[in-house]
Amino acid sequence: MAARLLDGTRIAADIRTELIARVEACTLAAQRPPTLGILLVGDDPASEVYVNTKSKAGDALGLKVDVVRLPKTATLDKAKEVVCRFNRSQNHDGILVQAPLPSALGTIAEQTLFEAIDPMKDVDGFHPINFGRLAQGRSVFAPCTPSGILELLDRSCINLKGQRAVVIGRSQIVGKPVALMLLHRHATVTVCHSQTRDLPALARDADILIAALGRPAFVTSEFVKPGATVIDVGVNRLVDETIVKSLLPLGSPRLQTFARRGSLLVGDVHPAVSETAGALTPVPGGVGPLTVAMLMVNTVRAAEMSLGQAVQYRG
Ligand code: NAP
């Protein structure tokens, strides 16, 4: 039987609708809309798309999104200056540094800039103080993709308590924080990575399987216990027709999408897993929209705190 599709687009729309009254209240109290400052360095096309998506989502909600662009030749000091300006500004509630940064800035550039952000404006939740708070189960700003995954599970009425969760991927932005969040919600969590032995067998033990590894269609039915909930975080753009045809059944409407656009977005989970899983997030339309919705939530929370509302710690 085909898995229940967990509709991230619909859930993200619900979250945005619930935010409208809070945005209006902040705007009235501050006499300006909640404002997110984004630093975009260089001309990475995917980053351009992500920043545009975030700007549009903000505009639609009545937030202000202030994007500062620097050329890829900019120095790390120059980028840090922008972050410090956002920190000092009374008109910016949240700050985000769009990753990845140009490689010319050096390997520690991302971490340097994330650490330069005022933790109370750190709406991506990547500052070590916010990561530490998350690890302690009292987060102020948790990273948006893991927060979105938890919202999606909760709003789809998927029980976490006592469940076995397997997370494939241990990155700072997805794997590690989502594992901590699942742990705080009383799941029994196993975190896997590129050196994990017997990955399919470990994954097959999961009631909830989170795939966040960045390998197109890597997670096949062999990894999935029948009836399990599978969350596909991966976003991979395929341009090779042979590969696309090998993944999709003949007659799939997605083949027409590929023919029209010349590329196709696929997750880390093989499409055929829908025959084994009990519930599955689609790509696109699963975790992606929730990431943006949770950025909006964090920005509104930052605005509320800058208006003097008490800090609310979350698990
Ligand atoms: P990342 O930083 O590259 O981390 C990938 C993780 O996967 C690493 O921990 C790596 O292990 C592990 N891994 C790689 N190959 C593996 C293999 N063959 N077997 C087991 N583990 C393996 O990636 P990320 O930033 O977490 O992103 C993961 C995916 O999610 C990407 O496709 C990305 O585009 C997508 N993403 C989507 C959203 C969204 O909003 N939908 C947001 C963020 C990311 P090691 O640590 O051992 O190297």
Side-chain angles (χ1 to χ4, degrees), residues 6-9 11-12 15-16 44-54 56-57 96-101 103 107 109-111 114 123-126 131 142-153 165-182 189-206 209-220 222-224 230-239 243 247 263-270 280-298:
L6 304 177
D7 186 350
T9 305
I11 294 173
I15 292 171
R16 288 195 304 269
D44 175 54
S47 293
E48 286 281 350
V49 172
Y50 288 133
V51 168
N52 280 339
T53 306
K54 290 165 186 173
K56 277 192 195 150
L96 177 159
V97 173
Q98 184 63 46
L101 292 165
S103 53
T107 48
E110 243 164 62
Q111 206 47 53
F114 293 157
V123 288
D124 253 345
F126 296 156
F131 199 88
C144 300
T145 302
S147 304
I149 293 170
L150 268 285
E151 284 288 337
L152 187 116
L153 290 167
V166 171
V167 180
I168 310 179
R170 56 174 165 180
S171 71
Q172 307 286 1
I173 64 167
V174 188
K176 271 186 213 159
V178 82
L180 286 167
M181 287 173 167
L182 290 164
V189 185
T190 304
V191 183
C192 303
H193 47 78
S194 64
Q195 308 304 310
T196 298
R197 275 187 285 117
D198 301 330
L199 183 57
L202 278 173
R204 239 183 355 257
D205 201 30
L209 179 62
I210 315 268
L213 62 160
R215 301 270 181 274
F218 182 93
V219 174
T220 57
E222 188 202 355
F223 290 65
V224 179
V230 180
I231 304 295
D232 189 355
V233 186
V235 180
N236 310 287
R237 187 174 295 280
L238 294 183
V239 292
I243 296 178
L247 295 179
S263 69
L264 192 73
L265 282 188
V266 298
D268 290 345
V269 176
H270 195 289
L280 174 67
T281 56
V283 176
V287 174
L290 280 153
T291 298
V292 181
M294 296 317 289
L295 176 65
M296 302 295 114
V297 171
N298 279 353

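Indexing begins at 1, ligand by ligand and atom by atom, following the structure's order. Nothing here was measured: the structure is a model prediction, and the numbers come from that model.
- A distance of 12.0 Å separates SG in Cys192 from CZ in Arg197, rounded to the nearest 0.5 Å.
- Between the side chain of Asp198 and the backbone N or O of Ala201, no donor-acceptor pair lies under 3.5 Å.
- Protein heavy atoms are absent from the space less than 4.0 angstrom from atom 27 (O) of ligand 1.
- Residue contacts with ligand 1: Gln195 is placed with no nitrogen or oxygen under 3.5 Å of a nitrogen or oxygen of the ligand (distance criterion only).
- The ligand atoms of ligand 1 that sit less than 4.0 angstrom from a heavy atom of Leu199 are 19 (N), 20 (C).
- Residue contacts with ligand 1 for Arg215 involve side-chain atoms from C-beta outward but no N, CA, C or O (heavy atoms, distance under 4.0 Å).
- Residues Val178 and Leu150 are in side-chain contact: their nearest non-hydrogen atoms beyond the backbone lie under 4.5 Å apart.
- In terms of protein heavy-atom proximity, atom 25 (O) of ligand 1 is nearest to Ile173 CD1, 3.4 Å.
- Scanning the protein for heavy atoms near atom 9 (O) of ligand 1, the closest one is Arg170 N, 2.8 Å.
- The shortest side-chain heavy-atom distance between Gln172 and Pro177 does not fall under the 4.5 Å cut-off.
- Heavy-atom distances between Gly175 and ligand 1 stay at or above 4.0 Å for every pair.
- Judged as a ring-ring contact (aromatic ring centres under 6.0 Å, His included), and not counting sequence neighbours, the contacts of Phe218 are Phe223.
- Note that the CG atom of Leu101 and the CD atom of Gln111 stand 11.0 Å from one another [nearest 0.5 Å].
- Between Val266, Leu213, Ile149, it is Leu213 that holds the heavy atom closest to atom 13 (N) of ligand 1.
- Of the inter-residue distances, the one linking Glu48 atom CD with Thr53 atom OG1 reads 11.0 Å to the nearest 0.5 angstrom.
- Distances from atom 3 (O) of ligand 1 to the protein include no heavy-atom value under 4.0 Å.
- With hydrogens left out, the protein atom closest to atom 24 (P) of ligand 1 is Ser171 OG, 3.7 Å, a heavy atom.
- For atom 6 (C) of ligand 1, the nearest non-hydrogen atom from the set Gly234, Pro143, Pro289, Gly169 belongs to Gly169.
- Less than 4.0 angstrom separates some heavy atom of Gly214 from each of these atoms of ligand 1: 28 (C), 29 (C), 31 (C), 32 (O).
- Taking CD1 of Ile231 as the start and CD1 of Ile168 as the end, the distance is 12.5 Å to the nearest 0.5 Å.
- A side chain to side chain contact (heavy atoms under 4.5 Å, CB included) with Ile149 is found for exactly one of Val167, Val233, Leu290, Leu182, namely Val233.
- Atoms of ligand 1 lying under 4.0 Å from any heavy atom of Gly288, numbered from 1 in the order shown and given with element: 40 (O), 41 (N).
- Taking every non-hydrogen atom of Val174 and a distance limit under 4.0 Å, the qualifying atoms of ligand 1 come out as 26 (O), 43 (C), 44 (C).
- Of all protein heavy atoms, the one lying nearest to atom 42 (C) of ligand 1 is Thr145 OG1, 3.2 Å.
- Considering Val269, Thr281, Asp268 in turn, Val269 is the only one that fulfils the side chain to side chain contact (heavy atoms under 4.5 Å, CB included) rule with Val230.
- Distance from atom 33 (C) of ligand 1 to its nearest protein heavy atom, with residue and atom name: Val235 N, 4.2 Å.
- Without hydrogens or angle criteria, Asp124 side chain to Phe126 main chain gives no donor-acceptor distance under 3.5 Å.
- In this structure, the protein non-hydrogen atom closest to atom 47 (O) of ligand 1 is Ser194 OG, 2.5 Å.
- Looking at atom 35 (C) of ligand 1, its nearest protein heavy atom turns out to be Val233 O, 3.4 Å.
- In summary, the atoms of ligand 1 found under 4.0 Å from a heavy atom of Thr291, numbered by their order in the structure, are 39 (C), 40 (O).
- Near Asn236, with a cut-off below 4.0 Å to any heavy atom, the atoms of ligand 1 are 32 (O).
- Taken from OG1 in Thr196 to CG in Leu213, the straight-line distance is 10.5 Å, to the nearest 0.5 Å.
- With sequence neighbours left out, Tyr50 forms a ring-ring contact (aromatic ring centres under 6.0 Å, His included) with no residue at all.
- With hydrogens left out, the protein atom closest to atom 21 (N) of ligand 1 is His193 C, 3.1 Å, a heavy atom.
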